[in-house]
Amino acid sequence: MSPHPNFMGAPSSTGHFGDFGGRFVPEALMPACLELEAAFIDAWADPVFVDEYRTVLQEFGGRPTPVTYLGRFSKKFGVEVFAKREDLAHTGSHKINNVVGQTLLTRRMGKSRVIAETGAGQHGVATATAAARLGLDCTVYMGELDTQRQALNVFRMELLGSTVVPVTSGSRTLKDAVNEAMREWVACVDDTHYCLGSVMGPHPFPWMVREFQSIIGHEAAQQLTQRGVGVPDMVVACVGGGSNAAGIFAGFANTTTRLVGVEAEGGAAVSHGSPGVLHGMKSMLIQSEHGQIEEAHSISAGLDYPGIGPEHAYLAAAGRAEYVGIGDEDVLVALQTLSELEGIIPALESAHAVAWIMQEAGRSIPRGSTVLLNMSGRGDKDVAQVRDILRGRQ
Amino acid sequence: MSPHPNFMGAPSSTGHFGDFGGRFVPEALMPACLELEAAFIDAWADPVFVDEYRTVLQEFGGRPTPVTYLGRFSKKFGVEVFAKREDLAHTGSHKINNVVGQTLLTRRMGKSRVIAETGAGQHGVATATAAARLGLDCTVYMGELDTQRQALNVFRMELLGSTVVPVTSGSRTLKDAVNEAMREWVACVDDTHYCLGSVMGPHPFPWMVREFQSIIGHEAAQQLTQRGVGVPDMVVACVGGGSNAAGIFAGFANTTTRLVGVEAEGGAAVSHGSPGVLHGMKSMLIQSEHGQIEEAHSISAGLDYPGIGPEHAYLAAAGRAEYVGIGDEDVLVALQTLSELEGIIPALESAHAVAWIMQEAGRSIPRGSTVLLNMSGRGDKDVAQVRDILRGRQ
Amino acid sequence: MKSLEVHLRALRDTGRTALVPYFMAGVTPDWTQHVAAAVLGGADAVEIGVPFSDPMMDGVVIQEAAQRALSAGTTIDTICSELTGTSLGAPLIAMTYYNLFHHYGLRRAAGRLAASGIVGAIVPDLTLEESDEWRSVCDESDIATIFLVAPSTTTERFERLARTTQGFCYASTRMAVTGRAIGEGDATRVVESVRRTSDVPVYVGIGITTPDQAVQAAQHADGVIVGSALVDTILNGASPADTESFVRSFRRALDE
Amino acid sequence: MKSLEVHLRALRDTGRTALVPYFMAGVTPDWTQHVAAAVLGGADAVEIGVPFSDPMMDGVVIQEAAQRALSAGTTIDTICSELTGTSLGAPLIAMTYYNLFHHYGLRRAAGRLAASGIVGAIVPDLTLEESDEWRSVCDESDIATIFLVAPSTTTERFERLARTTQGFCYASTRMAVTGRAIGEGDATRVVESVRRTSDVPVYVGIGITTPDQAVQAAQHADGVIVGSALVDTILNGASPADTESFVRSFRRALDE
Ligand SMILES: Cc1ncc(COP(=O)(O)O)c(C=O)c1O
Ligand SMILES: Cc1ncc(COP(=O)(O)O)c(C=O)c1O
């Protein structure tokens, strides 16, 4: 038996992780949440479903993704860093793991349509991709500002046969897209599944998305064992909603490995936030003194979220994982450093985790430690933005 | 013993595949070509080298890439299509296989620097990537016109620590970049390896690059066997220089499988060209009545090459493989069709192969045939261009 | 039984269909005068929207009103201050999202609302399952917690919600957010489902924009709630007098 | 032995350093007059560049000249027509890339060149190993095939190249393409390596732009080739008279 409490198991029957989680949705959506919970529990216990989920991720999604030893980076910073390469998964990030699971579940529930929210467009593109493969209708809600900033991703989703709806309310960014997707879900819950993009929202989403992402951590644990590295001293992942972090943490939650989630400084829900209720969940949120939700600010659209998944809020409160913030400047340097030393251009999101390792190597990360870094996505989507920022400075 | 002649073995000692191939380079480069040939033969026979090449491709490059059954596409066109997913390899195309091999060989030869030519930038980015990983200096020659058309890829290479040199001679595109890289190689052949991007150039490049790419075909053959599909009726790949096609053909050359290389109609060296000598090799070329090399024209930068690898010229002459042309319009339709039906946005290059299958299914591809399609790369790099073309028409 | 429910049951016993307009607090400087005008025009109770940055259950009209109110600096405190001491002549019911109360402190929030004369609260994202703590602090302050039911609500949930709601049961007869409902809805089924378990008053809301629709809804229900249609006129510059006549047009139709 | 070699050996025996300027055929309408002027200025043989679209061995100057010539419609046939019947007073050596001859047909090309008075050919991308067929058709037409050697050439290759080349051996003393060489080069070693095997005349080329450099090179070699520097003046508008004096400046320096 493990000497540690059993972290990252199922939440309580009402979807709580400690004080966090639960369901805070309009009554109109409660039946859908309950139906989804039942369907997920049933499917996840069904070897046929699990096998299909795994097979699709393998034959379509590109799993297992490799673990790459970052030799030159490790040498330079005096720690042994291994990267779990979600950037090599289909559509360029870990998002595919979740959407493959949810779209298969959608079909299993007899629904023919999915809706999704998206910020930068990664989850939207992933959902459109998985929906195309199964022939599901797909509508993606995206803040109007984001549709302008990420026009190419809008076109990508359209190429994949999806409809993209610009959301004009609020700050016209991700959190408003979530609100709008929830509103729409109320109107079409009969035939439509809401394919949420991270470990957030009402129960069972935080749990279900973590389960669909936990393949990252389980694979990595096995790969490191096979490589003779064993359990790493530390696992580091960036955190927006927290799905890639939850996915990789899940492989190590019940070891003594130090777990570190790296938030964007301008959206650091754990460090700078306080408990609150948003988007169906109780968690840590960035909010004003009056409880109004504030906009997050980050160079990386995927971390531009004022909340965090409730299980992370719990892991922080329970002391099992740490959450730290990294600012935009350090992220830019980290992206350039990793590109030059290792030939891997990380997503701006993932570069937060890289930056934290660069900052802490030899400090809170003792020299020689083994560190597993989740390379949650590839930087191709960010290259134009990074170029414009760097050129703007010359 | 196979009843077929032994295709895709080693070329003659002078690097000939039938009437094609050989070495047509300035005397100044001959020693380098000979040195490279010896080094490659030595390395490729050395299990330590082969193992390192395979390990790097696995742990860094994302191999094996999966084979995906294209269910909805197959149903719609009445043939059973499987896609070999080179789009999931690191940097987004099969190009990584070759550059990993060549950069490891560079280090083994004791050289500290690579140069490369690139058209759209795919091979340049791949070379910059592999060079970064090994800490090799890297300079990439790119037609000035292409540096403008593919400015983001220029920045990508720079991010990876490479120098990009715009080539202002000739048509200022790929073929001029090759000329310029050859010229530069003359001046720095002592410490520099020329990392050629396709199965072209002087011996041993066409053979060596094919060997480094043949991992595609060998993997695919094994995967189809494991999946119970066995040897497919047909293998289809797009052809620019011909490296992805050579790589996948290599797994099936000595079976009865029909091999089809799909060229861009505006650069169809086999169908519209004639024998000639360019870039160090004798092969089929698009040339004027006076033997001047003509510019190729294709919607896909990666197929914008007036020649073809000499082994393809030989396979065509020997009747072992067929080469067909596909026009830009059909390519655009194919890209959209595959995206919508399967959630895979193919590179414009790869979409040529898709388009040919769509055109011939039920005609020269009998209904129910099993077809292995090489998805040589992902379409992300092409999405802006496709959008602009489609929008321009509305 | 909470005072609000005592009052609304008594109202029902008079045979009068309850008319409950919705106002966004702070949307205009004179919003309390609109509330007063609505009571003059025949409102039986008034919903006071407390603006929230992320109104998940609301359509564009109420979103817009909330943004205006927030820009004007509206908070629970400013609203309660403005209400305290005024007597508007009808029960006031706060409507907002759970985070505001959670952040303010549940007990403190309930106390503050009660002290400014508010007697009920509708919190559309507070599910029955998560409501224990809020309901218990409301018990201390005599604030009624009003739950919604929807066409998607299951039999078992209808029972629990009808038994738990206080004051009235808010029957959303269409699957839509405020201001967006189209079509007929399913008033009969939803309202009857509540009645099967409980004799709490049932008010229909979401999507009632004309006096005719109100009359239609009143055939099955004990009251009607008019939200976005009214807020829309205020966003477009309606005066308190306009509000009074707007409400009166509904009152007349219901009383005919 | 090919006529060209007989001629050039005889020239060497006179003790005179051969001077071989390079012209791009067709670069200007009066290009043949430049050739004639060069002979007047003291050229012992002339290289006639046949323009190719992809001149892998040439730097920017010759690339530019080739493009101009191609734009003007220059082909093997136009060049040969312009040369046929004119007597320029010095041996002419074609210099181009193999594809042009390959495409024209090797035997036909060699015949056409010979018929227009050309007696040698330099094909920098035709390696020794690939040259059998070309050399055999040249034998039929008395065209000398001139091979290059370079600083990177290995001992074994020096031997084979020196034995095979006809007319002279073209010693590129620097690792560079035309018009781009900088620095001193390695003339002694390259030239001596050839001499060790063969007594064919050895001419140094690539990177000779001034009379001084020519003199320097002539210390080791039997002749010097001047290419880009001359082509550059023509691209910049030099007249045949300018060409004559340009060549004469080299001639004088070599003869001193
Ligand atoms: C590459 C990448 N990493 C991380 C994230 C953040 O999401 P999460 O915290 O759910 O992993 C995103 C979101 O778009 C992403 O695209
Ligand atoms: C995706 C992709 N496919 C195909 C090609 C063509 O090259 P080859 O014919 O060598 O495979 C390229 C070249 O850039 C490419 O990027």
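Given the structure is predicted, the values throughout are model-derived calculations rather than measurements. What's counted below: heavy atoms across the whole structure, side chains too, no hydrogens, waters or symmetry copies. Letters go in sequence order (proteins before strands), and every chain restarts at 1.
Residue contact with chain A, scored on non-hydrogen atoms closer than 4.5 Å, involves the side chain of C/Thr75 exclusively. With a 4.5 Å cut-off on non-hydrogen atoms, C/Ile76 does not touch chain A at all. For A/Pro202, no part sits under 4.5 Å from any heavy atom of chain C, backbone or side chain. For A/Ile293, the parts sitting under 4.5 Å from any heavy atom of chain C are the backbone and the side chain alike. Contacts of C/Phe52 with chain A are made by both backbone and side-chain atoms, with heavy-atom separations under 4.5 Å. Heavy-atom distances place no part of C/Leu128 under 4.5 Å from chain A, backbone and side chain included. Looking at C/Pro55, both its backbone and its side chain come within 4.5 Å of chain A, counting heavy atoms on both sides. Heavy atoms of A/Val189 lying under 4.5 Å from chain C belong exclusively to its side chain.
At a heavy-atom separation below 4.5 angstrom, chain C is approached by no residue within residues 109-119 of chain A. Below 4.5 Å, heavy atoms of chain C meet heavy atoms from A/Ser169, A/Gly170, all part of residues 167-174 of chain A.
Within 6.0 Å of CG in A/Asp19 there are 12 or fewer heavy atoms belonging to other residues, nucleotides or ligands. Heavy-atom neighbours of C/Glu133 CD from other residues, nucleotides or ligands within 6.0 Å: at or below the threshold of 12.
Shortest non-hydrogen contact noted between A/Pro26 and C/Met56 is CD-CE, 3.5 Å.
Between the CG atom of A/Asn179 and the CG atom of C/Asp54 there is a distance of 4.5 Å, given to the nearest 0.5 Å. Note that OG1 of C/Thr127 and CG of A/Leu29 are 11.0 Å apart. Values are rounded to the nearest 0.5 Å. We find the CG-OG distance between A/Asp190 and C/Ser152 to be 8.5 Å, quoted to the nearest 0.5 Å. Put simply, CE on A/Met30 and CG on C/Leu161 are 9.0 Å apart, with the number rounded to the nearest 0.5 Å. Between atom OG of residue C/Ser53 and atom CD of residue A/Glu295 there is a gap of 10.0 Å, rounded to the nearest 0.5 Å. Distance check: C/Asn99 CG to A/Lys282 NZ gives 10.0 Å after rounding to the nearest 0.5 Å.
Ranked by non-hydrogen atom pairs under 4.5 Å with chain C, the options A/Glu294, A/Arg23, A/His16 are led by A/Arg23. In terms of heavy-atom pairs under 4.5 angstrom with chain A, the leader among C/Leu70, C/Val149, C/Thr154, C/Val123 is C/Leu70. Ranked by heavy-atom pairs shorter than 4.5 Å toward chain C, the options A/His279, A/Lys175, A/Glu289 are led by A/Lys175.
A donor atom on one side chain and an acceptor atom on the other are not found under 3.5 Å apart for A/His203 and C/Glu129.
Considering only residues two or more places apart in sequence or on other chains, C/Asp199 meets the side chain to side chain donor-acceptor pair (under 3.5 Å) condition with C/Arg9.
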- Task: Go through A/Gln287 and C/His102 one step at a time and tell me if the side-chain hydrogen bond (donor to acceptor under 3.5 Å, both in side chains) criterion holds.
- Result: CA-CA 12 Å; A/Gln287 46 191 330; C/His102 183 267; 5.9 Å; no

- Message: Before you tell me yes or no, could you show the steps for A/Phe24 and C/Leu126 under side chain to side chain contact (heavy atoms under 4.5 Å, CB included), namely the whole-Å CA-CA distance, both residues' side-chain angles and the distance that decides it to 0.1 Å?
- Response: CA-CA 5 Å; A/Phe24 296 85; C/Leu126 182 63; 4.1 Å; yes

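Using a 4.0 Å cut-off between charged side-chain N and carboxylate O, A/Glu27 and C/Arg157 make a salt bridge.
Using a distance-only test at 3.5 Å, with no hydrogens or angles considered, a donor-acceptor pair links the side chain of A/Arg183 to the main chain of C/Asp58.
In this structure, the side chains of A/Gln292 and C/Leu100 come closer than 4.5 Å at one or more pairs of heavy atoms.
Residues in residues 264-278 of chain A take part in no salt bridge (Lys or Arg N to Asp or Glu O under 4.0 Å) pair, two or more places apart or across chains.
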